[in-house]
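Structure, as structure tokens:
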4 protein chains.
Amino acid sequence: MKIDPRSHVPIYLQIADGIREAVAAGIYSPGESLPSLRVLALDVQVNPNTVQRAYDELARDGLIYSRRGKGLFVAEQGKANALERARKTVRRLFDQGVQAGHSAGMDANDIRAVFQASMSAKEKQ
Amino acid sequence: MKIDPRSHVPIYLQIADGIREAVAAGIYSPGESLPSLRVLALDVQVNPNTVQRAYDELARDGLIYSRRGKGLFVAEQGKANALERARKTVRRLFDQGVQAGHSAGMDANDIRAVFQASMSAKEKQ
Amino acid sequence: MKIDPRSHVPIYLQIADGIREAVAAGIYSPGESLPSLRVLALDVQVNPNTVQRAYDELARDGLIYSRRGKGLFVAEQGKANALERARKTVRRLFDQGVQAGHSAGMDANDIRAVFQASMSAKEKQ
Amino acid sequence: MKIDPRSHVPIYLQIADGIREAVAAGIYSPGESLPSLRVLALDVQVNPNTVQRAYDELARDGLIYSRRGKGLFVAEQGKANALERARKTVRRLFDQGVQAGHSAGMDANDIRAVFQASMSAKEKQ
DNA sequence: GTGGTCTAGACCACA
DNA sequence: GTGGTCTAGACCACG
């Protein structure tokens with residue numbers, strides 16, 4: 001997982017989003033255990049409190065749950081849940097972009113062109 | 001201009017973005033004067049200092065300039081500047097959306113479908 | 001005289017400085033009359049109050065004096081006065097530049113090089 | 001850092017310039033943390049908001065960056081950035097001085113003499 | 001009237 | 001503890 005400590009997006013959210021995406025993409029499956037607080041904290045080089053906050057966020061969403069003394073696990077509905085949420089995130093970002101372009105006087109074709117450029121850039125990666 | 005005081009986006013940025021879009025869309029033209037600090041503050045129901053910070057942001061970007069005792073004016077290159085910036089904002093949002101979808105395991109068609117939905121929703125407004 | 005309404009330097013100071021330099025350079029001589037408020041205001045396209053403030057500034061410095069009903073005149077010591085002041089202004093600007101360069105870790109040769117560049121640029125005009 | 005509250009240069013700019021020079025001179029190095037808002041505010045005897053505005057200025061220039069909850073840090077390109085900017089500041093001041101002298105009828109030798117005096121005065125400090 | 005700076009003090013998010 | 005935002009209200013410079 002890539003963490004950018006200079007980003008204005010809080011680190012705990014970057015971590016939570018990274019895990020959400022990993023679950024949605026099937027990298028972690030329902031029932032499977034997640035990296036422990038300390039392991040993940042070492043991995044991404046942040047304070048364990050920060051990782052804790054990320055896991056709290058995910059638990060509140062019902063994406064993961066903890067079993068005392070056993071660790072953290074992906075919930076049964078975790079993957080569907082994460083996918084649904086990812087789709088909403090994408091939709092929200094697109095809505096914002098479309099709205100911003102529209103407000104600035106761009107027409108539908110202008111906006112579509114920008115989207116195509118964005119898709120092409122991604123495919124070339 | 002619509003301001004959402006509960007948004008996580010700072011009010012001063014919401015105001016700055018609103019003006020930027022207005023300039024990009026030609027609502028305010030180069031050389032024209034903008035609403036005074038106090039007038040806009042009353043209009044959007046915030047403290048004049050907050051409006052000033054928004055105008056400050058725009059002045060630093062070269063979108064507007066101030067003449068003490070006279071008021072605030074749209075810079076000559078203001079419209080081009082704002083359009084350019086709006087385009088970049090749209091592109092950044094789309095890039096983020098595409099990236100988020102991709103990370104969550106959505107394929108290009110999934111992502112395109114979400115974009116289409118977003119465009120359709122906008123057109124229906 | 002060139003006035004830049006977008007400059008952060010107040011217009012009345014730009015006008016006062018312009019006249020000071022003109023007197024120092026001998027464009028206006030002691031005993032000679034200066035353009036009237038209204039004429040100068042029309043010339044540089046500003047409010048007569050602003051020109052008045054510039055003339056006030058100059059009168060306080062003893063560079064010019066007014067004769068009621070007759071107009072404004074350059075004082076006897078005006079040219080020497082203005083030259084002395086110009087020299088001080090130049091010295092102050094150079095002192096600031098030298099100080100700024102020094103504080104930023106530039107050595108004497110670095111600073112001299114910048115000065116030479118500045119002189120060369122002026123000569124080429 | 002020396003702050004002159006009676007100067008016409010706003011306090012926040014005096015602070016920003018002081019930090020810029022310190023970075024250019026290598027007193028603070030890339031990656032290193034800067035004094036916290038509150039500490040610096042106590043140090044220079046001004047309101048923390050004023051210090052924040054200074055840091056804001058520097059962050060917008062890319063000289064420093066902030067990490068909420070952690071502190072303020074010198075950017076990787078901070079030193080080069082600051083040096084470049086310092087050079088421009090020196091050049092601007094010299095240009096202004098040369099221009100002022102020229103407008104007042106001083107010739108190149110007069111102007112050079114003032115510069116030499118300025119350099120000598122600095123060396124004697 | 002205009003914009004610009006500064007203070008005091010509040011509250012929030014983050015680590 | 002850190003930085004970030006906002007308000008209220010003061011005072012100044014300018015035109």
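All values below come from the heavy atoms of this structure, side chains included, with hydrogens, waters and symmetry mates left out. In what follows, chains are A, B, ... by sequence order, proteins preceding strands, each numbered from 1.
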message = Can you identify which nucleotide, out of F:dT5, E:dA13, F:dC6, has its nearest atom closest to the B:Arg53 side chain?
response = F:dT5
request  = State which of F:dT2, E:dC14, E:dG3 makes the closest approach to the side chain of D:Ser36.
outcome  = F:dT2
Indicate, yes or no, whether a donor-acceptor pair under 3.5 Å links the base of [N] to the side chain of [X].
X       : N     : answer
D:Arg38 : F:dG3 : yes
B:Asn49 : F:dG9 : yes
D:Asn47 : E:dA8 : yes

Separation of [N] [atom2] from [X] [atom1] (nearest whole Å):
X       : N      : atom1 : atom2 : result
B:Ile11 : E:dC11 : CD1   : P     : 16 Å
C:Leu13 : F:dC14 : CG    : P     : 6 Å
D:Leu37 : E:dC14 : CG    : C1'   : 14 Å
D:Asp56 : F:dT2  : CG    : P     : 18 Å
D:Ile15 : E:dT7  : CD1   : P     : 8 Å
D:Arg67 : F:dG1  : CZ    : C1'   : 15 Å
D:Glu57 : F:dG4  : CD    : P     : 14 Å
B:Gln52 : F:dT5  : CD    : C1'   : 15 Å

Any side-chain N or O of [X] below 4.0 angstrom from OP1/OP2 of [N]?
X       : N      : answer
A:Tyr12 : E:dC14 : yes
B:Ser66 : E:dG3  : no
B:Thr50 : F:dT7  : yes

ask   = Between B:Leu72 and D:Gln45, which has a closest nucleotide on DNA chain E that is more 5'?
value = B:Leu72
remark   = Residue pair B:Val39/D:Pro48 against DNA chain E: nearer the 5' end by closest nucleotide is B:Val39
key: Watson-Crick or G-U counterpart of E:dC14, or none if no pair lies under 3.5 Å   =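 Answer to the pairing question: F:dG1, which forms a Watson-Crick or G-U pair with E:dC14.
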remark   = Re E:dA8: Watson-Crick or G-U wobble partner, both distances kept under 3.5 Å, found to be F:dT7
key: Heavy-atom check, side chain of A:Tyr55 versus side chain of A:Leu58, under 4.5 Å   =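 A:Tyr55 reaches A:Leu58 side chain to side chain.
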task = Could you tell me whether the side chain of C:Pro5 reaches within less than 4.5 Å of the side chain of B:Arg67, counting heavy atoms only?
result = yes
note = Assign each of A:His8 and C:Pro10 the nucleotide of DNA chain F bearing its closest heavy atom; nearer the 5' end lies the nucleotide of A:His8
task = Run the salt-bridge test on C:Arg60 and C:Glu57 with the 4.0 Å N-O cut-off and return the result as yes or no.
result = yes
Salt-bridge present (C:Asp17, C:Arg20; N to O < 4.0 Å) =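 Looking at C:Asp17 and C:Arg20, the cut-off is met.
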Sole residue of A:Gln99, A:Arg91, A:Arg92 in side chain to side chain donor-acceptor pair (under 3.5 Å) with A:Asp95 =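 Only one of A:Gln99, A:Arg91, A:Arg92 forms a side chain to side chain donor-acceptor pair (under 3.5 Å) with A:Asp95, namely A:Arg91.
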message = Is the ring pair A:Phe94/B:Phe94 parallel, tilted or perpendicular, if the boundaries are 30 and 60 degrees?
response = perpendicular
